[in-house]
Every structure is written in C-alpha cells, then in structure tokens.
Amino acid sequence: MADTNYTGSMVSEFIIVGFPGLQDRESKAILFAVFLTVYLLIVLGNLLLICILAADTSLHTPMYLTICSLAIIDIILSTCTVPTMLAVFNSVTYTVSVSACFTQTYFYMALPSIERFNLLLMAYDRYVAICHPLHYPARMTVKFTLQLIVVCWLAGFLSPILGFSVTLTIRFCGPNRVLQCFCDYAGVLRLACGDVLSISYVSLFVVLSLLLIPLFFIVLSYVKIIQSVLRISSSVGRAKAFSTCSSHLLVISVFFLTSAGVYISYRIPGTSVDMRVMGSVIQNVFPPLMNPIIYCLRTKEIRDSLVKTLKKSSIFPVSK
C-alpha cells in the first residue's frame, strides 16, 4: 500500500497498518484469534485476582492493595490498545481520526507511567516491611497506602503532559500510515511535517526519565532489602524474607525487561519494522498477561485464598 500524501491540506485521519509484512487475510485471521485469546486471558486473569483480593478480608493489607492497583492498570492498559489491534487485524484498512489517535497515544504514554510508579510503591512497601518491620504497621497503613496509590495515578497521568503537549503543536500534512498496531507516540511522530529532531530529544528525555528514575529507586530499595536479609542469622528467616519479594521481583523484571527490549530494538540498525511492531505488542500484552499468573502461583496467601474460594463454590469439592 503506497503512502497517502496530502499537499496543501492537513491530515484528518491516520491509517493503522499493523504488521507491514503480514497483510494477507490468513495472517490477519491468525493474529486476530491469538490476540483475542490473549486479551480475554488478561481481562479474566486480572479480574480474578481483583475478586480474590476484594473477597478475602485478610488480604486487605497495603501490599495487596498495590497488587490490586496493578491489576486494574493492566486491564485498562490492555483495553486501551488491544481492541484497536483486533480491529486492525479484522479490517482491510483501518483508519482513525487524528483526535482519537492522539487520545490513545496519551493514554498509552500515561498508563505505563502509572504502572512504573505503582511498582515503585510496591518496592517501597517491601523495603519498609523487611528493613523496618517494627515501623511497618504505623508507617504503611491502609489509608496511607491508598493515598500513595492515588498519587501514583495522578503522577502517571500528569507525567506525559510535556511530551504530549509538544506533539499537539506538530503539523501532519504528508504520509498518514502508522506502522504500528495502535497509535503510539514514536509511530505518530515519524509522520510529522518538517524537522522534529528537537521534539524527539525532549520526548526521549521525558521517556527515559519516567523509565530510569523509578527503576533507580526500585533497585535501591531491593539493594537495601538484600543487605537487610543477609544480616538475618536464621536461614529460615532469610528464605521467608526473600519469598515475600520473589513475586514482586518477577513482575518488575518482566515489565522493565520488555520495555528495555523495545527501546533497544529501535536503536539496533537493520531491525525490521515487523520486529519492532512485535516488540511493542509484546510490551503491551505480556506483563498484563503474566502478572496475575505470577501472583496466583507464587504468593501463598493469594493461592490459598483462591483454593478456598474454589472449594466454597464447589468447583473443587472438599474431600471428606
């Protein structure tokens, strides 16, 4: 499909291409089925996690409140982009208005920022619990944790405003094909008229700041946690302390490694467009898919609560 060019007029809509190398009907049908299944698993898995945490009053603690917030973020983030992906795979040509594309771009910038701040809050919660256990009940109350969660959400929605507001000043008067499965910032910025190098540098600074600053404090928290755990004389105590952090470390690793993979792919010369699109898609769906699995399998309290709920509902009958 050739680029659609406009001379003397502004672009009124964008064409979301999807995977440029997978435009045949059979490939699109397979992609549609795969990502519809993945999306349903994401929504159902995170809803299940939220229901477990809401139903079991013993899990109404600061740590599980942050996990519940993470599950809500994952549902909203995947819902922000995956339906667009499914529409692209189910259409010969999928177009979206400039305003709708910008709206999706903003939410796609804000929601990962909220998730990063939420992961930082989870790391801080574990830091206080392990390094300052006597102060934990007084410092990390349910009310204070809810306030911190609200701050994370507000900070996440406010943080992309600088880069996004700059984008609103850009003129789009030429090619209108977004080589992505949804409207993302980098894909839209490439279609701008004129020189946008300075805007790219501002955007890169904002993105790296939002990525590296939370990561720095998360790493610092876990360095302090490891130092504190190693000072525990009992091997059982060390194992118990590490087990409370293992799920969080897995979730943090999945999130930041997928993000790093996407940024690295854009810096490697010769990387195909399809590979970069696939990297963005994986970054978008893999963490929300894995998070409820990790927490349900590796967190004993959530696992026990799930089994108890299933027994009550007679799905797993209690053996006599």
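Worth knowing before you read on, the calculation uses all heavy atoms, side chains too, and leaves out hydrogens, waters and symmetry mates.
Between the OG atom in Ser221 and the CD1 atom in Ile226 there is a gap of 11.0 Å [rounded to 0.5 Å]. Remark: Ile52 CD1 to Ile67 CD1 distance equals 11.0 Å, nearest 0.5 Å. Between atom CG of residue Leu111 and atom CG of residue Asn118 there is a gap of 11.5 Å, rounded to the nearest 0.5 Å. Residue Met63 holds its CE atom at 9.0 Å from CG of Leu53, rounded to the nearest 0.5 Å. A distance of 12.0 Å separates CD in Gln147 from SG in Cys152, rounded to the nearest 0.5 Å. From Thr66, atom OG1 reaches atom CE of Met122 across 4.5 Å, with rounding to the nearest 0.5 Å.
The nearest pair of heavy atoms linking Pro112 to Phe255 is O-CZ, 3.7 Å. When every heavy atom of Ser247 is checked against every heavy atom of Ile294, the shortest pair comes out as O-CG2, 3.8 Å. Across all their heavy atoms, Gly18 and Cys181 have their closest contact at CA-SG, 3.8 Å. Between Ser280 and Gln180 the shortest heavy-atom distance is OG-NE2, 3.0 Å. Nearest heavy atom pair, residue Cys183 against residue Thr105, reads O-OG1, 3.4 Å. Among all heavy-atom pairs drawn from Pro83 and Ser78, the shortest one is CD-O, 3.5 Å.
A continuous path of Ile, Leu, Val, Met, Phe, Trp and Tyr side chains, each step under 4.5 Å between heavy atoms, connects Val223 with Leu215, placing both in one hydrophobic cluster. Residues Leu230 and Ile130 share a single hydrophobic cluster, defined by chaining ILVMFWY side chains whose heavy atoms lie under 4.5 Å apart. Under the 4.5 Å side-chain heavy-atom criterion for Ile, Leu, Val, Met, Phe, Trp and Tyr, Ile282 and Leu211 are members of the same hydrophobic cluster. By the rule that hydrophobic residues join a cluster once side-chain heavy atoms approach within less than 4.5 Å of another member, Val229 and Val219 end up as members of one cluster. Both Leu22 and Val273 are assigned to one and the same hydrophobic cluster, defined by single-linkage of ILVMFWY side chains at heavy-atom distances under 4.5 Å.
Two residues are said to be in side-chain contact when any heavy atoms from C-beta on lie closer than 4.5 Å; Phe19 and Leu179 fail this criterion. Using a 4.5 Å cut-off on side-chain heavy atoms (C-beta onward), Val254 and Pro287 make contact. Proximity of Asn284 to Leu77: side-chain heavy atoms (C-beta onward) are separated by under 4.5 Å at one or more points. Residues Phe182 and Val96 have side chains not in contact (no heavy-atom distance under 4.5 Å, counting atoms from C-beta outward). You'll find the side chain of Val281 reaches within 4.5 Å of the side chain of Met85, heavy atoms only. Residues Tyr124 and Ile218 have side chains not in contact (no heavy-atom distance under 4.5 Å, counting atoms from C-beta outward). In this structure, the side chains of Val251 and Tyr295 come closer than 4.5 Å at one or more pairs of heavy atoms. Here the side chains of Phe107 and Ile76 are not in contact, with every heavy-atom distance at 4.5 Å or above.
For the side chain to side chain contact (heavy atoms under 4.5 Å, CB included) with Leu121, the qualifying choice from Leu148, Leu70, Leu65 is Leu148, the only one to do so.
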Show me the donor-acceptor pairs within less than 3.5 Å that the side chains of residues 25-51 make with the rest of the protein, sequence neighbours left out.
residue: Ser27; atom: OG; partner: Asp24; partner atom: OD1; Å: 2.8
residue: Ser27; atom: OG; partner: Asp24; partner atom: OD2; Å: 2.9
residue: Lys28; atom: NZ; partner: Ser91; partner atom: O; Å: 2.7
residue: Thr37; atom: OG1; partner: Ala33; partner atom: O; Å: 2.8
residue: Tyr39; atom: OH; partner: Thr79; partner atom: OG1; Å: 2.9
residue: Asn46; atom: ND2; partner: Ile42; partner atom: O; Å: 2.8
residue: Asn46; atom: ND2; partner: Pro288; partner atom: O; Å: 3.1

Let me have the donor-acceptor pairs involving side chains of residues 136-146, under 3.5 Å, with sequence neighbours excluded, atom names and distances please.
residue: Tyr136; atom: OH; partner: Asp125; partner atom: OD1; Å: 2.6
residue: Thr141; atom: OG1; partner: Phe144; partner atom: N; Å: 3.1
residue: Thr145; atom: OG1; partner: Thr141; partner atom: O; Å: 2.8

Could you walk me through whether Met109 and Val206 satisfy the side chain to side chain contact (heavy atoms under 4.5 Å, CB included) test, starting with their C-alpha distance in whole Å, then the side-chain angles of each, then the deciding distance to 0.1 Å, before giving a yes or no? CA-CA 11 Å; Met109 294 167 67; Val206 172; 5.9 Å; no
Would Ser69 and Ile73 count as a side chain to side chain contact (heavy atoms under 4.5 Å, CB included) here? Give the steps. CA-CA 6 Å; Ser69 174; Ile73 296 167; 4.0 Å; yes
Using the rule given for side chain to side chain contact (heavy atoms under 4.5 Å, CB included), can you reason through Val151 versus Phe117, listing the C-alpha separation, both sets of side-chain angles and the distance that settles it, and then say yes or no? CA-CA 9 Å; Val151 170; Phe117 291 135; over 6 Å; no
Could you walk me through whether Glu13 and Val98 satisfy the side chain to side chain contact (heavy atoms under 4.5 Å, CB included) test, starting with their C-alpha distance in whole Å, then the side-chain angles of each, then the deciding distance to 0.1 Å, before giving a yes or no? CA-CA 5 Å; Glu13 61 184 19; Val98 172; 5.6 Å; no
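The aromatic rings of Phe157 and Trp153 sit tilted relative to each other, their planes meeting at an angle between 30° and 60°.
Donor-acceptor pairing under 3.5 Å is recorded for the side chains of Ser58 and Asp56. Under 3.5 Å, the side chains of Thr81 and Gln104 contain no donor-acceptor pair of N or O atoms.
With hydrogens and angles ignored, the 3.5 Å screen pairs a side-chain donor or acceptor of Gln23 with a backbone N or O of Val17. Side-chain N or O atoms of Ser228 include none that pairs as donor or acceptor with a backbone N or O of Lys224 at under 3.5 Å.
Applying the side chain to side chain contact (heavy atoms under 4.5 Å, CB included) rule to Ile213 yields the partners Ser209, Phe217; only residues at least two apart in sequence or on another chain are considered.
By the 6.0 Å contact criterion, NE2 on His135 is open, its count of non-hydrogen atoms from other residues, nucleotides or ligands being 12 or less.
Proximity of the aromatic rings of Tyr222 and His248 is defined here by a centroid distance below 6.0 angstrom, and this criterion is not met.
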